Amino acid sequence: MELTPRLRAVADQVPQGSRLADVGTDHGYLPVWLILRGMLSGAIAADLRSGPLERARQTARQHGVEERISFRQCDGLSAIGGNEVDAVALAGMGGDTIASILAAAPWTRGKTLLLQPMTGFPSLRHFLQSHGYCILDERIAREGGRLYTIWRATGGQMDPLSRAELWVGQQREDPLRGAYLDRMAGKVERALAGRLASRNREEGEIQALWEALEGIRHMRKEL
Ligand SMILES: C[S@@+](CC[C@H](N)C(=O)[O-])C[C@H]1O[C@@H](n2cnc3c(N)ncnc32)[C@H](O)[C@@H]1O
């Protein structure tokens, strides 16, 4: 069994020997792969829906590790105790969903968090910095023509992020960073064009998007 580059980038940031909760596990690839490599001392695979959780069970059964994973059908971390895990993965979900799952479980500030949001990057970074979390590392993975960001976070203080950094994170060495900044600049440009064309123009929002775009272009030049 191999992980795709996106999930592999998440797996690479899980601390060796940790007890992991994979929330929104779907097919369960992440915990199964990590268990097969002896990376975990415990695993919980959780999902809101029964179908995905059943898929996770099947994956675990196929690989002979069903007994080593606790399967929980629940919303976010609602059926998982803070004393059961050291690390929590939230991958392949919208940023707003991830923020609301963390907000409902403040004990996550004492854990290693592996976050791979699909959307809502500025609002998730803003949530983290204003709720006592700090992003320790960000990586970029390319998969099927798309670029994904994977963040490692925990509780703590973070220097306030600029408008551009809310969109793209802080400048870190990564071979995919240039391509990532280009794509994100395109995303902000499209958001800006949409706001400019809107009948109900919100000048504050437009100004914020301009600032983000200029900041991203500046980062690209500095790279
Ligand atoms: C696109 S899949 C991602 C699967 C896997 N984590 C990955 O990254 O490949 C998203 C999964 O999150 C689950 N999900 C969505 N909202 C959730 C919530 N509030 N709590 C738990 N699971 C949720 C969905 O049922 C779905 O199985």
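As the structure lists them, so they are numbered: ligands from 1, and atoms in each ligand from 1. For reference, positions follow the sequence shown, starting with 1. Every value quoted in this text rests on a predicted model; they were computed, and no experiment measured them.
For atom 1 (C) of ligand 1, the closest non-hydrogen atom of the protein is Gly92 O, 3.4 Å. Atom 2 (S) of ligand 1 has Asp26 OD2, 4.0 Å as its closest protein atom, hydrogens excluded (heavy atom only). Atom 25 (O) of ligand 1 has its closest protein heavy atom at Asp47 OD1, 2.6 Å. The protein atom (non-hydrogen) at minimum distance from atom 8 (O) of ligand 1 is Arg6 NH1, 2.7 Å. Protein heavy atom nearest atom 5 (C) of ligand 1, with residue, atom name and distance: Gly24 O, 3.4 Å.
Taking only nitrogen or oxygen atoms, main chain and side chain alike, Arg49 reaches within less than 3.5 Å of ligand 1. For ligand 1, the polar-atom distance check against Thr25 finds no nitrogen or oxygen pair separated by under 3.5 Å. On a distance-only criterion, Asp75 and ligand 1 share at least one N/O pair closer than 3.5 Å. Of the N or O atoms in Leu48, one or more lie within a sub-3.5 Å distance of an N or O in ligand 1. The N/O atoms of Ala46, backbone and side chain alike, include none that comes under 3.5 Å of an N/O atom in ligand 1.
The shortest heavy-atom contact between Leu213 and Ala185 is CD1-O, 3.6 Å.
Side chain of Ser18 to main chain of Leu20: no donor-acceptor pair is present (N/O by atom type, distance under 3.5 Å, no hydrogens or angles). No donor-acceptor distance shorter than 3.5 angstrom exists from the side chain of Glu211 to the backbone of Arg163, with no hydrogens or angles considered.
The pair Glu214-Arg217 fails the salt-bridge criterion, with no side-chain N (NZ, NE, NH1 or NH2) lying under 4.0 Å from an Asp/Glu carboxylate O. Glu2 and Arg37 are joined by a salt bridge, as a carboxylate oxygen and a charged side-chain nitrogen come within less than 4.0 angstrom of each other. In this structure, Arg8 does not pair ionically with Glu143, as no charged nitrogen and carboxylate oxygen lie closer than 4.0 Å.
Proximity of Ala91 to ligand 1, defined as any heavy-atom pair under 4.0 Å, is shared by backbone and side chain alike. Residue Leu7 touches ligand 1 through its side chain alone, judged by heavy-atom distances below 4.0 Å.
Of the options Glu165, Glu138, Gln170, a side-chain hydrogen bond (donor to acceptor under 3.5 Å, both in side chains) to Arg125 is made by Glu138 and by none of the others.
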I would like to know whether Asp174 and Arg139 meet salt bridge (Lys or Arg N to Asp or Glu O under 4.0 Å); could you show each step before the answer? CA-CA 7 Å; Asp174 190 305; Arg139 297 186 187 180; over 6 Å; no
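Atom NE2 of His126 is surrounded by 12 or fewer heavy atoms from other residues, nucleotides or ligands within 6.0 Å. In this structure, His218 places its NE2 atom where only 12 or fewer heavy-atom neighbours from other residues, nucleotides or ligands lie under 6.0 Å away.
Cys74 counts as a contact of ligand 1, since one of its heavy atoms falls under 4.0 Å from the ligand. At least one heavy atom of Gly76 sits closer than 4.0 Å to an atom of ligand 1. Residue contact check for ligand 1: His27 places a non-hydrogen atom closer than 4.0 Å to it.
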